[in-house]
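Here the structure comes first, spelled out in structure tokens, and everything after it is commentary.
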Amino acid sequence: MATDANLDEGYDPHAVQDRWLPVWDRLDLNRAGRRAGAEKRYVLDMFPYPSGDLHMGHAEAWGIADVVARYWMRQGYDVLHPTGWDSFGLPAENAAIKRGEHPAQYTYANIEVQAESFRRYGISFDWSTRLHTSDPEYYRWTQWLFLRFMERGLAYRKNSAVNWCPNDQTVLANEQVVAGKCERCGAEVTKRELTQWYFKITEYADRLLDDMQQLEGKWPDRVLLMQKNWIGRSTGAHVDFAVGDRKVSVFTTRPDTLYGATFFVVAADAALADELVAPEQRAAFETYRAATRKLSDIDRQSTERPKTGVSLGVTATNPLNGEELPVFAADYVLADYGTGAIMAVPAHDQRDLDFAKAFDLPVRVVVDTGEDDPAVTGVATAGDGALVNSGPLDGLRKAEAIEQAIDILAARGTGEKAVNYRLRDWLLSRQRFWGTPIPVVHCPVHGEVAVPDDQLPVRLPDDMKGADLRPQGQSPLASNEAWVNTTCPTCGGPATRDTDTMDTFVDSSWYYLRYPSQGYEDGPFDVDKVREWLPVDQYVGGVEHAILHLLYSRFFTKVLHDMGMLDFVEPFASLMNQGQVINQGKAMSKSLGNGVDLGSQLSQYGVDAVRLTIIGAGPPEDDIDWATMSPGGTLKWLNRVLRLTDDVVALAGDDRDVVVDKVVAKAVDEVTRLIESHRLNVAIARFHELVNALRRSADTAPKPAGSLRDGVTALAVMLSTYAPYTAEEVWSRLGHDVEAGDSVHDSSWPTADPELLVDDAVTCVVQVAGKVRDKLEVSPDIAEDELRALALASSRVQEYLGGKEPRAVIVRPPRLVNVVPG
RNA sequence: GCCCCCGUAGCCCAACCGGCAGAGGCACGCGACUCAAACUCGCGCCAGUGUGGGUUCGACUCCCACCGGGGGCACCA
């Protein structure tokens with residue numbers, strides 16, 4: 001007995017799946033290079049992380065990319081649709097600690113489960129491309145790339161306060177701190193002073209911003225916007241103040257307000273504050289600094305919090321007017337943005353005004369914006385206006401004054417135009433085990449020494465498991481003496497290995513480059529193969545990577561371009577973000593207990609019904625509420641397709657009906673354009689229409705067998721992109737010998753005869769005062785004059801005109817006439 | 001606080017450059033088939049596009065304001 005009574009009669013999707021899957025495996029239809037000589041296309045999903053089996057979200061993302069891949073194959077392109085796993089990372093390590101295993105066990109077991117699920121789900125992967133970032137053959141090249149970055153000064157080590165996740169016991173990149181919490185586990189992030197490896201992504205800030213021009217219209221606007229905001233370019237000036245005999249520079253976007261500066265603030269946790277503090281203020285400063293360091297990022301970044309600070313007991317000299325400004329240390333100034341010090345202009349900056357109020361400092365208006373005095377209202381005025389109280393700047397507008405101020409500063413050698421970025425360098429060290437080891441040796445004589453290329457990979461030890469991996473605040477590798485102790489590649493003397501591993505986002509920043517030459521041993525990738533296949537024509541993935549993976553990959557691509565290894569500067573020509581699959585209005589989660597298991601959906605409705613339901617639910621980027629979907633209805637429709645097929649196959653003869661031919665041509669034409677424009681859900685509606693039309697014709701004499709057979713054939717080919725199993729079944733029932741290699745997945749996309757797309761007559765709407773009053777059947781190429789005359793001759797139009805002359809007649813042949821009464 | 005996106009039948013969604021608001025589906029109702037039901041086939045049902053204004057011969061579409069929902073950034077000088 002089937003679980004669903006409906007399945008007893010009609011379509012059994014499982015039998016169809018079991019029938020075709022082994023045949024496809026044998027036919028090997030998805031191998032890149034199969035259509036040698038044809039134009040190449042590269043379709044890619046953001047590769048999966050192997051935690052457990054596939055879920056509904058995977059079903060959507062890979063379903064979407066698979067439609068594109070299969071569509072391009074039908075169109076005759078040579079398609080690369082590869083797969084791999086982003087297989088380093090914390091969940092495997094945590095599972096290993098819990099189970100007393102090596103992380104590789106969990107990782108590779110899950111990969112096998114997911115691989116089998118992908119296969120069953122009918123994804124058109126070229127399995128020969130398969131890679132795993134945790135394989136030594138892969139991470140060897142991650143290490144190799146790191147060393148190239150190091151040679152170019154793009155990987156460096158520095159000591160600074162870094163984001164620390166107390167739960168995962170590791171540092172985090174800025175991009176992995178979301179609203180003050182660890183992106184992975186949600187713990188509140190704290191700060192730690194540590195020496196860590198960084199990638200100098202800030203050196204590419206301008207290019208990351210400027211090259212986005214190439215992506216406009218091809219990437220979702222919101223992703224581009226998020227990246228733009230994240231990079232956060234600000235233009236302004238560096239202004240040099242004098243503190244005693246020391247020069248202290250600040251960054252400001254408002255050099256025009258220099259005359260309004262009434263105090264000066266240094267970030268309390270910046271080294272600069274420690275260096276400037278006067279002896280009599282040192283005790284107070286250190287107390288304050290200690291308190292600052294205890295704050296979590298969340299507390300510290302709250303704008304609600306009252307301003308706090310402490311005087312450093314020194315003054316800074318304003319380079320424009322020579323005024324001596326009191327210097328404070330405060331936590332509202334960030335140590336790692338700009339120079340870690342600011343000139344405070346309370347009249348025109350809200351934060352400075354709040355501080356001035358708290359410390360009873362003067363507020364001096366220097367831009368007359370026409371608003372009330374900030375000293376009275378407590379609201380800083382940041383808008384445009386005329387400069388006042390500003391010596392040579394008086395009377396200028398804001399923009400002019402900014403330029404003028406910079407000119408004056410530059411002439412005096414006390415400042416210059418400057419650009420600053422919100423983007424910080426990418427902190428890549430992680431104090432965890434299951435990642436790519438950083439290929440550096442620390443020698444007491446020679447310092448940081450790169451491991452020579454011919455000694456790569458620096459392998460992870462395979463004798464560590466379970467409790468050995470427990471986080472201790474430093475990498476578990478540090479406790480493995482046999483691994484740590486080595487010799488210096490330069491002098492041969494005793495040395496130690498760097499015990500940190502790389503952020504897994506390093507692994508995923510270049511994987512798409514290796515697919516075309518997976519297994520290549522002379523470099524991370526075969527430059528010629530990359531030239532053939534890259535950039536990726538269609539990338540598909542979640543919007544959660546808008547500023548993590550996507551920004552990092554763009555950075556890597558630009559560096560590799562500069563190294564002469566790539567011809568292009570943007571890795572992903574087109575990007576689609578799929579939405580989330582939710583349930584009953586909420587994200588699926590264990591705590592809510594509203595999870596929908598993909599496996600059980602597949603066993604209940606079959607692969608094709610689930611694929612069609614997910615993709616048909618709405619635009620790819622929209623969230624899908626599974627509670628509102630009916631895969632059962634989709635299964636019934638697939639059943640309908642098969643019944644139609646059987647009925648049509650049973651018809652004898654080759655009779656044609658031009659009406660049917662037109663319906664088919666129109667469906668082909670529209671589906672083609674809909675898939676091209678990524679409106680994948682609407683294409684499914686066209687499938688329904690086509691089936692309805694063919695059904696009607698098959699039920700009505702004279703039943704044009706030839707036209708119907710062609711219609712079902714076109715349907716099978718188009719449907720092969722969404723519902724690969726059912727389409728193959730239809731194809732087979734139409735008489736194709738799939739086992740012998742005549743698969744629908746090796747067929748060609750149907751073409752629509754342009755003559756069949758032309759309508760003999762179209763309906764012209766005739767409006768009077770914008771309201772539809774009549775309809776005319778006219779020739780599609782009717783002339784404007786003729787149509788006007790026809791419309792005005794309409795008795796209904798005359799009726800509504802009531803004998804008056806029309807004031808205007810708007811004619812848009814052949815579809816519309818609007819008569820405007822006088 | 002700043003910025004972005006979205007509001008169309010009971011529900012999910014279509015509607016090209018501004019030109020007949022409805023393609024498709026779910027649910028529901030009726031009919032045919034059936035001893036009856038299920039399945040299947042056919043037919044039907046329901047909104048004037050969140051609200052208010054503006055531009056236009058004509059607005060779901062463009063502009064402004066507001067309401068509601070979602071998202072991004074958030075002490076970045």
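Note on naming: letters A, B, ... go to the chains in the order of the sequence lines (proteins, then strands), and numbering restarts at 1 for each one.
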Subject >> Conformer about C1'-N of B:C17 - syn within 90° of 0, anti elsewhere >> reply: syn
Subject >> Pairwise P distance for B:C20 and B:G1, with rounding to whole Å >> reply: 41 Å
Original post:
So what does A:R812 touch, heavy atoms closer than 4.0 Å: a base, only the sugar-phosphate, or nothing?
Top reply: base
**OP:** Compare side-chain N and O positions of A:R643 against OP1 and OP2 of B:C41 and report whether any pair is under 4.0 Å apart.
**Re:** yes
**OP:** Report which part of the nucleic acid A:T634 touches: base, sugar-phosphate, or nothing (heavy-atom distance under 4.0 Å, all strands).
**Re:** nothing
**OP:** Could you tell me whether A:V765 contacts a base, only the sugar-phosphate backbone, or nothing, with contacts defined as non-hydrogen atoms closer than 4.0 Å?
**Re:** base
**OP:** Tell me what A:M343 touches on the nucleic acid: a base, only sugar-phosphate, or nothing, going by heavy atoms under 4.0 Å.
**Re:** nothing
Original post:
Expressed in whole Å, how much space separates the C1' atoms belonging to B:G48 and B:A9?
Top reply: 10 Å
Subject >> OP1 or OP2 of B:A74 under 4.0 Å from side-chain N/O of A:R422 >> reply: yes
**OP:** Using a 4.0 Å heavy-atom cut-off across all strands, classify A:D352 as base, sugar-phosphate, or nothing.
**Re:** nothing
Subject >> Short N-O contact, A:D352 and A:K307, less than 4.0 angstrom >> reply: no
Subject >> Which nucleotide in B:G42, B:C57, B:C20 has an atom nearest any side-chain atom of A:R640 >> reply: B:G42
**OP:** Kindly say if A:N692 contacts the phosphate of B:G42, meaning a side-chain N or O under 4.0 Å from OP1 or OP2.
**Re:** no
Subject >> Short side-chain N/O contact from A:S630 to OP1 or OP2 of B:A27, under 4.0 Å >> reply: no
Original post:
If you look at every strand shown and take non-hydrogen atoms under 4.0 Å, does A:N229 touch a base, only sugar-phosphate, or nothing?
Top reply: nothing
**OP:** Could you check whether A:Q767 gets within reach of a base, just the sugar-phosphate, or nothing at all, counting any heavy atom under 4.0 Å?
**Re:** base
Original post:
For A:A808, which contact category applies under a 4.0 Å heavy-atom criterion: base, sugar-phosphate, or nothing?
Top reply: nothing
**OP:** Return yes if the base of B:C75 and the side-chain atoms of A:K307 contain a donor-acceptor N/O pair under 3.5 Å, otherwise no.
**Re:** yes
Original post:
With a 4.0 Å cut-off on heavy atoms, is A:N681 in touch with a base, just the backbone sugar-phosphate, or nothing at all?
Top reply: sugar-phosphate
